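Worth knowing before you read on, the calculation uses all heavy atoms, side chains too, and leaves out hydrogens, waters and symmetry mates. A, B, ... follow the sequence lines: proteins, then strands. Residue 1 opens every chain. Since the model is a prediction, treat every value here as computed from it, not as a measurement.
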Amino acid sequence: MSNLPPVVELIDVSRSFPGTPPVEALQPTNLRINKGDYVAIVGPSGSGKSTLLHILGLLDYPTDGTYFLDGIDTSHLSEPERAGVRSVGIGFVFQSFHLLNHRTALENVMLAEIYRPGGQSERRERSVAALQQVGLGHRVDAFPTTLSGGEKQRVAVARALVGKPSLLLADEPTGNLDSVTSAQILDMFDDLHALGITLAVITHDDDVSGRAERRVAIRDGVLSEYAGTDEVWA
Amino acid sequence: MSAANQTTVARSTLSIRDLLNEATIALTARPARTIMTALGTVLGVAALVATLGLAKTAGSQIVSRFNELEATQVTVKPPRDRGNARNRQVNVIPWDAGDRLERLNGVVAAGTKSDVDVGGVFARSVPVVDPLGQTEFQIPVIAVSPGLFDAVRAELSTGRTFDEGHNARGDAVAVLGPGAARRLNLSRVGNSPAIFLGEESLAVVGILRDVSRQPDLLNAIIVPNGYAAERMGLVAPTEVLIEVDIGAAELIGTQAAIALAPNQPDQLRVSLPPSPARVRSSVQSDVNSLFLILGGVSLLVGAIGIANVTLVSVLERTGEIGLRRALGASRRHIATQFLFESAALGALAGLLGTSLGILTVVAVSITKEWSPVLDPWLPFAAPVLGALIGLLAGTYPAWKASATEPIAALRSGG
Ligand SMILES: Nc1ncnc2c1ncn2[C@@H]1O[C@H](COP(=O)(O)OP(=O)(O)OP(=O)(O)O)[C@@H](O)[C@H]1O
Ligand SMILES: [Mg+2]
């Protein structure tokens, strides 16, 4: 395990948004996430959590610094190559689910397969399996409008998992869910962690971050590792 | 693998089949909107197809009614008689008109034909008048040049026609139309029977069976110009008849006037067959210019409609665009998807418009009792045109969609 490169390695990565004055959304940051890690990124609103996650997910470019993903220096990747890495190596789960309402649960999951190189064959089988994995094997043909919030988020998780990514990124996955449904999603993350999937979950909810084996706090764009359950930004 | 050893990264893909599938889903998700979006293009393509189809159909009707006999005939007459115009005629149509014209390229045969005023003289085939039966008739006399027999496509029943020799010498010979022969009770010309015009006697050398043109010859006594000029006071030919090659009528019309009257060609009255080309082009230009403009405008409006709705849908689907980028779509994939959608919409509109246009052609043809004719490439070209319009209309929205930053798109919710 130790001779493998970390899944994520940020070296002095920063992100500022232009403006007057410029917004330093992420100060120069070093972060390492090893294979199989379950990391919670905790911070108040506006602290730069989503900014960090977008950089980790290759949806945004750092202003400075170097980001190695699975040992690959992402600053050398072209836009189509970054898209390729996203399709193969990264799964996203969003707070607002981002399901397409005109498509069934299964079709929503299968959407993740159309951009993946080599994702052509047995798409349906893999997507059904992913839905079964999140406990929705009986709702494959349901439209999102007929699903509960928790079920929608499980479809989204199935969509993120179907390509067996090396990194699952979740931005406030339980932000729109009540505590019972949240718990179901978190149970599912525990299962995925047990399967060896690398997880980075953004949250400002202590219940959520408490389930992770490792917590990273972020405040005003500054990252700090912490182990306790103490309120660090009191 | 190590960090130093940069490996090549597989790019994401998007197969044609998936593109097609995505476009189908997008277009069928809101059928009413899809139809409304396509309407302008449908009407534009329909107008174009109907216009081209109707022009073609109308043109073909003219071709099918095309009369070969009529199309190959040109006649030239001297200026209309105005009082003392007799002298003019002398100047205007020469005796050798037929020979002059037969030298022109495109002339098959030519000859003059003149009604001869015999002053009420009766014709008979017997030297003595029989008081019991009618043996005398008023039969029109027509003077021709030998070439006229070819120009009217005369068929002989018996004997021969007279030739240039008879004409030049002014021989007293005649060819009878079948009607005249019947009245004069002549059916054989073996020994050149004589007929009498008043006191003049003429040797009948042949009897016609039929002519394709100038049916008045069928009831006439036909004499050579030379004889009519010498013995009957014919001053000049009154008409020139020309048989021309198909398509040559117009050209020969101009050339004939110059050949016959080099000094005052425009004084001659040249009558040409109604040229099918002219009729067709006038039909086409009427129909075409108006409806092609209409079709073009509809297409433009249609393209703007597609562009507009596609742009709106790009804005509406910002969240979807962000999601697709997160799932691995590159900018190019997003652009391709929207371009493909609008092209598919255009092609669909083209297909629908083509059907509508063809239906229009058929409907109009039925009411006009025409047989509908369509260029075979038209039903295939029209949907392609629709697709091109869709492609064109989708260019800007597709570019806009591909330029959407995924983080902004995802933030927009969805
Ligand atoms: N495109 C942008 N242009 C300018 N400023 C931006 C942009 N995106 C984010 N920011 C700013 O960067 C900072 C960090 O934003 P970010 O979205 O990462 O916060 P967050 O921790 O995810 O907050 P929340 O919990 O509310 O989602 C904020 O101050 C925000 O206003
Ligand atoms: Mg956020």
With chain B as the partner, which of A:Gln95, A:His102, A:His54, A:Glu79 has the greatest number of non-hydrogen pairs under 4.5 Å? A:Glu79
Within the supplied structure, the quantity of interest is the number of heavy atoms (other residues, nucleotides, ligands) at a distance under 6.0 Å from B:Arg33 CZ; does it exceed 12? yes
Per-residue contact mode, B:Ile25 against chain A (heavy atom under 4.5 angstrom): side chain
So, for A:Glu81 and B:Val9, which heavy atoms are closest and what is the spacing to 0.1 Å? O-CG1, 3.6 Å
Under 4.5 Å from any heavy atom of chain B - which part of A:Val88: neither
Interatomic spacing from CG in A:Leu111 to CD in B:Glu22 - rounded to 0.5 Å: 5.5 Å
Do you know which of B:Ser15, B:Ser330, B:Ala326 has the most heavy-atom pairs under 4.5 Å to chain A? B:Ala326
Which atom pair, heavy atoms only, marks the closest approach of B:Leu323 to A:His98? CD2-O, 3.3 Å
The interface call for A:Arg82 against chain B, heavy-atom contacts under 4.5 Å, is neither
Option that, when pairs with chain A are counted at under 4.5 Å, heavy atom only, ranks first among B:Ala329, B:Ala26, B:Pro406: B:Ala329
So CG of B:Leu410 and CG of A:Asp171: to nearest 0.5 Å the spacing works out to 9.5 Å
Between B:Glu405 and A:Asp60, is any pair of side-chain heavy atoms under 4.5 Å apart? no
Minimum heavy-atom distance between A:Tyr115 and B:Ser12, given as atom pair plus value: O-CB, 3.0 Å
Please round to the nearest 0.5 Å and tell me the distance separating atom CD1 of A:Ile55 and atom CD1 of B:Ile407. 8.5 Å
Under 4.5 Å from any heavy atom of chain B - which part of A:Ser78: side chain
More than 12 heavy atoms of other residues, nucleotides or ligands under 6.0 Å from CG of A:Asp220: is that the case? no
So does B:Arg332 have more than 12 non-hydrogen atoms from other groups sitting under 6.0 Å from CZ? no
Contact origin within B:Arg317 toward chain A - heavy atom pairs under 4.5 Å: neither
Correct closest heavy-atom pair for A:Arg86 and B:Arg325 would be NE-O, 2.5 Å
Name of the residue among B:Thr13, B:Leu14, B:Asn21, B:Leu19 meeting side-chain contact (heavy atoms from CB on, under 4.5 Å) with A:Ile114: B:Leu14
Would you please test A:Arg159 and B:Leu327 for side chain to side chain contact (heavy atoms under 4.5 Å, CB included) and show each step? CA-CA 9 Å; A:Arg159 182 179 62 195; B:Leu327 293 177; 4.1 Å; yes
Could you walk me through whether B:Asp18 and A:Arg123 pass side chain to side chain contact (heavy atoms under 4.5 Å, CB included), step by step? CA-CA 12 Å; B:Asp18 284 329; A:Arg123 218 181 252 184; 2.8 Å; yes
Checked A:Leu100, A:Val85, A:Ile90 vs chain B; the most non-hydrogen pairs under 4.5 Å come from A:Leu100
Heavy-atom pair count under 4.5 Å with chain A, highest-scoring of B:Arg30, B:Arg324, B:His333, B:Arg17: B:Arg324
